[in-house]
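Presented below is the structure to which this report refers.
Numbering of ligands and ligand atoms starts at 1, following listing order. For the single chain, residues carry numbers from 1 onward in sequence order.
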Amino acid sequence: MALLEIENLTISYQLKNGELRAVDDVSFNIPEGSNLGLVGESGCGKTTAAKSIVNLLPENGRIAQGKIKYKGTDLAQLNENEIRKWRWQEISLITQSAMNALNPVYRVGDQIVEAIRAHENISKKNAKNRAAELFDIVGLEKKRLEAYPHEMSGGMRQRAIIAMALALDPGLILADEPTTALDVVVQDKILAKIIEIQAELKSSMVFITHDISVVAETCDYVCVMYAGKVMEYGPTRTIFKDSRHPYTMGLRNAFPSVNLSQMELISIPGYPPDLMDPPTGCRFAERCPFMENICLEQDPGITAITDDHYLSCHFPEKYQQFRDIAKHRSTWEKVKERMIEGEVVY
Ligand SMILES: Nc1ncnc2c1ncn2[C@@H]1O[C@H](COP(=O)(O)OP(=O)(O)OP(=O)(O)O)[C@@H](O)[C@H]1O
């Protein structure tokens, strides 16, 4: 049994003019002790999926369908009181703006101590020792426990938040673009630290990012989402060595690995569709270089092409040809031309 099993999860937001499905029939698993990278452009539903796991959806959001099984318990069925016991102790969420979550009027160390004591019957002294250990793990000096949030840099605050997220030794860490708000050098350091800690603690992690190259080195599995749906999902090696979805290929061009500096950056023209009015067929069709009529008319659904590699494309057999063509800038420029022509026609 996997640690986390997301089954056919659908999440919708109620808006004045209707319902928006931010996550639409999404499934993936995380085996115990492993990492999954949830990847896709902004607005694809990654944050919504993560928040739903710990029942932190905004007021207008709801789980319309599906299961979120953690150690066999369906979290989607729990009420707020019940989920509170799981949140943080079992599953902790680190978000992009987490560093602003620290209370400005309390010393950072005291906040961690209080947080630990709220969940565990432990003396103040022991909780303080634990906080000091955690600071050591995340690379902060012990004396920083005495600091107020405004006395720390952004990077330090984010490290403190990570320390807090680890305080109760959670089985699962949800890291939602945990370093996006920081400068690039600090980002790399913190990212490396998170991965190191996760490996040391043997906890599992969902790592959310728009940058597919980041997950290549950090995650065991990759789930590529687009417009609320899973486009491709499988072990990282497979997704990188044997990409089959044109969107995965496009993301790899758009976020080349830093180790492959000779690779040129080619962006995918256009934007994800409006989820208030999603396309009937494949959601990526409009931006896909290999789009055919069937792509506009029918949703390909998602199928297992091997035991652990899932794909949502009408042309699973054409991957070799797609891969060769998708490497070239001209391929994506043609998509842009097609879009411009389309706009003129309609
Ligand atoms: N509270 C909300 N009410 C209505 N729609 C929302 C709400 N939060 C998110 N959405 C919509 O749900 C969709 C998915 O958003 P979500 O933030 O989950 O995507 P994401 O992939 O995490 O993007 P980002 O990387 O920008 O956070 C988007 O269309 C977004 O506009």
- [ ] Answer yes or no for R244 and Y319: cation-pi contact, defined as NZ/CZ to six-membered ring centre under 6.0 Å and angle to ring axis within 45°.
- [x] yes
Task: Listed partners of H309 passing ring-ring contact (aromatic ring centres under 6.0 Å, His included), at least two apart - done: none
- [ ] Provide the full list of salt bridge (charged side-chain N to carboxylate O under 4.0 Å, His left out) pairs with a residue in residues 27-45, sequence neighbours left out, each pair given once.
- [x] E41-R287
Open item on the list: I'd like the residue list for ligand 1, meaning every protein residue with a non-hydrogen atom under 4.0 Å from the ligand.
Closed with: Y13, L15, L20, A22, E41, S42, G43, C44, G45, K46, T47, T48, P58, N60, L275
TODO: Keeping to residues at least two apart or across chains, list the salt bridge (charged side-chain N to carboxylate O under 4.0 Å, His left out) pairs with something in residues 59-70.
DONE: E7-K69, E19-R62
TODO: Classify the side-chain pair E177/H210 by whether it contains a donor and acceptor separated by less than 3.5 Å.
DONE: yes
- [ ] Look at K334 together with E341 and state whether they make a salt bridge at an N to O cut-off of under 4.0 Å.
- [x] no
